[in-house]
Structures are given as C-alpha cells and as structure tokens.
2 protein chains.
Amino acid sequence: MPPKNPSASIAAVALHAGVSVATVSRVMNDMDGVRPLTRDKVMASVTALGYRMNHLARNLRTAASRLLLTMVPDVGNPFYSEIVRGIDSVAREHGYFVMLCDTGAEAGRESAYFDLLRTHRADGAICLDPDTVQHALANESNILPWVACCEFDPAIAVPYVGVDNYRAAGDAVRHLIARGHSRIGLINSDQRYRYARERQRGYLDALQAAGLQARPEWRRQVDSLDYDAGKHATLQMMTLPDAPNAVFAVSDTLAIGALSALRQLNKRVPEEVAVVGFDDIAIAAQTWPALTTIAQPMRALGETAAQLLLQRLADPQATVQGVLLPHRLVQRESS
Amino acid sequence: MPPKNPSASIAAVALHAGVSVATVSRVMNDMDGVRPLTRDKVMASVTALGYRMNHLARNLRTAASRLLLTMVPDVGNPFYSEIVRGIDSVAREHGYFVMLCDTGAEAGRESAYFDLLRTHRADGAICLDPDTVQHALANESNILPWVACCEFDPAIAVPYVGVDNYRAAGDAVRHLIARGHSRIGLINSDQRYRYARERQRGYLDALQAAGLQARPEWRRQVDSLDYDAGKHATLQMMTLPDAPNAVFAVSDTLAIGALSALRQLNKRVPEEVAVVGFDDIAIAAQTWPALTTIAQPMRALGETAAQLLLQRLADPQATVQGVLLPHRLVQRESS
DNA sequence: GTGAAAGCGCTAACAG
DNA sequence: CTGTTAGCGCTTTCAC
C-alpha cells in the first residue's frame, strides 16, 4: 500500500528519485531525451509517493488551462445537450475538458462568461447564443479564440458550423406543399436568433415560389422553446377563422407542443393539420403521431465546432472558415 | 477608448498607479486597509489598462480553481440536465463555475475525471453515477471533497441528496392498485444503480402488501434510459400470455417508450394498460396520453447537492449529512 | 495604509 | 542525458 500523497510536489519526487526537478518534469510530460533507466526510477518514485501533478502550477507556467468554454442558451433543451456531447467527445480526445455555461441567451451573462477567456480560466469558447449577442463579442474575436455553432453570422470573422437554415426551412415547406397543404402556418422562435430569421425567410420564399398565401396571422412568434410555448401558439393559431391546415415549427419541442394542442382541439394529424418540426431530437420518433422533421446532425455539429476551435488554438492566425453541414427531411407520421 | 490589454499584469497596474503590487492585489480582492484615494487611483489604472486578473496565477497561489466538477451518466437525459441547471445556478451564485462531465456511467471514465480533483483542476465534485461506481471512490472521500446526488449509498460516509426511492416506487404501485390494476409490470433500469434496486424493492413490497402477484416475467431490465429501451421492453412484456394491465417504469423516458409501444400494439391507455413513470421531466405533460409520474424536485436536487459541496469545501471536517427531498405523485391521463 | 520580498509548483532555457 | 535556475502572476506575511 503506497503512501498516497496527492499533494507531493515535483521536488519531492525529484528528491526521492535522486534526480532534478527538470528530469521529473520531462518524464511527466513524456518528453524524450531521458534515459530509460532514469525514467523508470522517476516513475517508481511517482507511484511510491502517489504523486499527481498540480495542474494549477502547470497552467500558470504554460499559460493554458486546457479548458474549453461552451455557452448554450439552455442546457435543458435536448437539441443543445446532444451538441454538447459532440463537443465533449472531441475535446476529451484532445486532452481538453469542457466547462458548460447556461447563458439563458442573455447578453449580460454571456459576456460575463467571456471573462473566463480574458482571465485565462478557459483557453477557448464555443458559442451557441443568438447571433445578436455574438455581435457584441465579435470585436474581440481576434484576441479571444472562439467559434460559433448553430447560430452564426457569416459576416462576422469568426469560424462557424451550422446548417443552411434558409434551405432547410424551404425543404420543410415544400414538403408540406407537396403533401397537398395550402394554408401553412409557422411557429417561430425568438427573432434574436439568426436561425429563426433565416427559417422564416425560407418559409416565406417557399410559399411565394409556390404561389401560396403567407398570411401574417399564420405566423406566431414565441420567446422560448418550451413545449408549452408551441402548444399555446398553436392553440391561438387554430382559433383563426381560416386556420392553417399545416404548421411548420422551427424546433421539435415547439412542434411537439403543437401536437399536444391539436390533440386537445381534437384535430386529426396529419389529416386535418399536418406538422413538421426541426432538429430531430430523440423524442421526435416517439410522439404520436411520430414527428416529421428536418434533421440536423447534432452530434457532428458539436464535434465540428470543437475541431474548429482546437484548430484555431493550434494556429491562431489560420484563416477563418465556415462550415455548413447537411440537413435532411425525416418523414414520419405527422405530415 | 481605453487600450484593452487583458494580458497586462498586476505589476503593470502597480507601475501605472504608482503603488506596489500588494496594494493592487488588495484592491482587486476588495480587502480593506486601503485608503479610498489609493483605491481610486488603482481602479483608474485598472480601467485605463484594461487589466483583468490572471486567474491561473491566483489559483496557483490560493490552491483553488473555483471549479466544481459534475459527473453525470448522460447529459442528454432531460432528467439530468435539469439537475445540472440547479447545480449551475447555486455554483455561480457562489463564484464557482461548473465543469460538466459525461461519464456514460463507466467506472473508468469516472475515476479519470476524479483525477481532476487530485490534480487541483477542480475544487470539488458532484457525482450522479451509479452507487456501485461511487464505492470505488469512497475510500478517498475524506481527502477529496465530493458529494452524491440522486444516486447514493447512505452507508458511504459521503454527503448526499436524493429522494426516498423505495417509498416513491411504493407510492406509484399503490396508486396503480388503487386504480384497480392487479397485474403490474415493472420496467427497471440498470441494477448498478441503487435507485433501480430500491425502486424494485418498493415495487415488490407494495405488491406483496396488497397480496398481488409479482411475476418475474412482468419485470424487465433495460441497460439504458433511451425511449427505445422502454419501447422494446414493453413490446416484449405485452406478448406474454397473461400480460400486465399496468406498467411502472422507473424513468419517464422509459415510460414514454412504453406509451409508444402500447400505441403500436393498439392498446388503449389507461383503459387496457395503465402507465406510470418517474421523474416528471417536462415532456411528461405533453405525451399522449399525458404521463402520470412520480415527480422528483430536480432543480432542488441539483441546488442542494451544490450547497452540500460548498459547505464541505468551506468546512472540510463538518459532519457528513444526507438529505432526502420529497417526491410526489402527479396524476395525469396515463393511469 | 503601504511596500518589499518570498514563494505557490511547474516548465523551459541554458549549461554542463 | 541531466541539472541549475529563472520566472509565470498572484497572494501574503512581515516590516515600515
């Protein structure tokens, strides 16, 4: 039973092994230029003393925390949590840990978190917050290494990864049109999000291209992605004299709320009202009826974001890039 | 427009203000014993230079990272993400940030994460992993500050917060019995979790107390909390010659999968088969039929865990405590 | 009330 | 191949 002393310092190990601290450091960092025999001696002392390196000290010296900040508007949303897993997996692969921060999409909290970069508590950040709040951070982007994920403004010189929201929304609407629906409603989220604005544009253009009406009453804006928000929006929309016979929701959670509302209204889905969502979160396949939706490669979105950030950290002056990942329509029962 | 230089050191500020680094440090830490005039001078220089303290250095000096590790089996599960929010909110209130780690309930990964404590990269940890994997860490619990949340073994000398799983499961079963069901199935999760074992015990005892049969075929064990796992378990259970007319699932996700299976089987819920879940995640109110479930105070669970940990950090030798929070039956349409 | 100076534990030149 | 040494930027006695 070796005496466990996690607080033993590198000096203690050096003493025990009869070598210098520099040598211990070399061994601990797997650097070459150490005689195997010496290395073994050091390792023996390390286990004998139960030594663990103090990362605080190393961090100060190397000026790196090996922590990646991830700022999400809402960790509770299944869409975001899947992305976080993607980020986490590649971060860990590269020896980084992730610090998860729930910003509630508030600019204030976001910029407070950004201080973590300025104070060297994190090496880089991935931001999923509204592009409107990203703008505030754009000026410092050259100094502070961060990338945008899902939400991004191509005009900002910040690496990003996302999907083509305009085209994706168009695909959803065109699908609905192809299924014979003509009065198509939109449940949209917070317009501070560029994705919300882009999807609305896609919706509108697709409608127009098909020569269909795009009545303003058929568009509802909600300020959260809760199930209830989608439900209420749908309930309201359906009281309209000439209510939509199909609805496109910009998020699965909203769409699921819509399903719930339609059930309450005794509307048959998709016969009386069709529903299409966005994201393809796990639950989308389990609803009744199962949700037709635009799938986003959530995992890959997170992984790519982490890769971009890691790239940027490795080479700060590398050219800024933007990546668009493919989406696809997953047709189930609700349309 | 002040020259922003986040990498300015305390020495630069001292020079600029014409004071010593000690004084700057005092000002930065809001310590008293500094003349207001001096304080103002320093603050002026701080803003002039755009100084932000380097936390790496401070951390080394104070031997604290002000980071809390949170280890969850699966960040994607809505149950856990709500708890994480609770943790995050009180952590931030106290000047801590949280580092979220998805362990996949693997003992290996868990102990790797624990190294973050040993290497001073985190000050404390909150563990939501199976009590079976917690046992491995119990020995070091006196040295390494951590607390258990949701999953815990009262026998381990580690502070914990959770619910009375035994009683909660009994409540669910008694509710089903009261509604006239006699053949009650159980969809249980991974037995490495103490909560799974406790809930099973509660289920069994409640059945016995009512003089009802507890056939082994009516119990299904799944190895994940995915919707699909619940669905498949239910599908299998329902092929039984004398299938249950009610099922208690130890997690809402499992119960939702069950709902999906029953729909596929054309069984009316709750008339032909009633379903009760556990947790009361947000989606539970939106399913069809809306899910009856045992609600856990997820937010409070997370908040309490963080408080316990913070307490432990403030006073390492304080007595170990265990907290049980109340659960409650939320009756909706599925039973 | 303020300053000088000694480290925290590690890494990285630079010598040997 | 290994050792010596000078810091990283901050906090914290201990003087003044």
Side-chain angles (χ1 to χ4, degrees), chain A residues 5-46 49-66 95 115-123, chain B residues 5-46 49-66 95 115-123:
Chain A
N5 182 7
S7 58
S9 72
I10 203 173
V13 177
L15 192 68
H16 183 102
V19 298
S20 73
V21 292
T23 301
V24 177
S25 176
R26 287 186 189 106
V27 173
M28 294 307 291
N29 293 294
D30 279 323
M31 293 165 44
D32 38 32
V34 179
R35 199 149 34 109
L37 181 67
T38 318
R39 179 179 300 275
D40 292 347
K41 252 192 331 194
V42 171
M43 286 314 292
S45 299
V46 165
L49 298 173
Y51 168 73
R52 331 287 306 209
M53 180 162 49
N54 182 335
H55 273 257
L56 293 183
R58 180 219 278 252
N59 290 347
L60 172 57
R61 192 52 230 234
T62 60
S65 63
R66 300 209 67 96
D115 257 4
L116 290 169
L117 290 187
R118 301 195 191 92
T119 57
H120 298 274
R121 300 185 65 181
D123 292 346
Chain B
N5 182 8
S7 58
S9 72
I10 202 174
V13 177
L15 193 67
H16 183 102
V19 298
S20 74
V21 293
T23 301
V24 177
S25 177
R26 289 188 188 101
V27 172
M28 294 307 290
N29 292 294
D30 279 322
M31 293 166 46
D32 37 33
V34 178
R35 200 148 33 109
L37 181 66
T38 317
R39 179 180 302 276
D40 293 347
K41 249 190 337 191
V42 172
M43 287 313 293
S45 299
V46 166
L49 298 172
Y51 168 72
R52 330 289 304 212
M53 179 159 50
N54 181 335
H55 273 256
L56 293 183
R58 178 217 280 252
N59 290 347
L60 172 58
R61 193 50 228 237
T62 60
S65 62
R66 299 208 70 93
D115 258 5
L116 291 169
L117 289 188
R118 302 196 188 90
T119 57
H120 299 273
R121 299 185 67 182
D123 293 345

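Note that this is a predicted model, so its numbers are computed, not measured. The sequence lines fix the lettering, A, B, ..., with proteins before strands; numbering per chain opens at 1.
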Would you find a donor on one side and an acceptor on the other, under 3.5 Å apart, between the side chain of Arg121(A) and the backbone of Ser65(B)? yes
Taking Thr38(A) for the side chain and Val34(A) for the main chain, is one N or O donor matched with an acceptor at less than 3.5 Å? no
Quantify the bending of the helix from dG1(C)-dC16(D) to dG16(C)-dC1(D) as the angle between its end axes, each fitted on five pairs, to 10°. 30°
Starting at CZ of Arg58(A), measure out to CG of Asn54(A) and round the result to the nearest 0.5 Å. 10.5 Å
Can you tell me how far CE of Met28(B) sits from CZ of Arg52(B), rounded to the nearest 0.5 angstrom? 8.5 Å
Partners passing salt bridge (charged side-chain N to carboxylate O under 4.0 Å, His left out) against Asp40(B) (at least two apart in sequence or in another chain): none
Annotated protein contacts, base or backbone, on nucleotides 9-16 of chain D with a non-hydrogen cut-off under 4.0 Å, one of B, S, - each: BBBBB---
Under the side chain to side chain contact (heavy atoms under 4.5 Å, CB included) test, residues paired with [X] that sit two or more places apart:
X	answer
Ala44(A)	none
Ala64(B)	Thr62(B), Asp123(B)
Ala12(B)	Ala8(B), Ser9(B), Leu49(B)

Nearest heavy atoms of [X] and [Y], plus distance in Å:
X	Y	answer
Asp32(B)	Arg39(B)	CA-NH2, 4.3 Å
Tyr51(A)	Ile10(A)	CE1-N, 3.7 Å
Asn59(B)	Leu56(A)	O-CD1, 3.3 Å

DNA chain D-proximal residues of residues 33-40 of chain B, any heavy atom under 4.0 Å: none
Segment of DNA chain C, first to last nucleotide, that comes within the 4.0 Å heavy-atom reach of chain B: dG1(C) to dG9(C)
Result block: side-chain N/O donor-acceptor pairs under 3.5 angstrom for residues 14-26 of chain B, not counting sequence neighbours:
residue, atom, partner, partner atom, Å
Ser20(B), OG, Ala22(B), N, 3.3
Ser20(B), OG, Thr23(B), N, 3.3
Ser20(B), OG, Thr23(B), OG1, 3.3
Ser25(B), OG, Asn29(B), ND2, 3.4

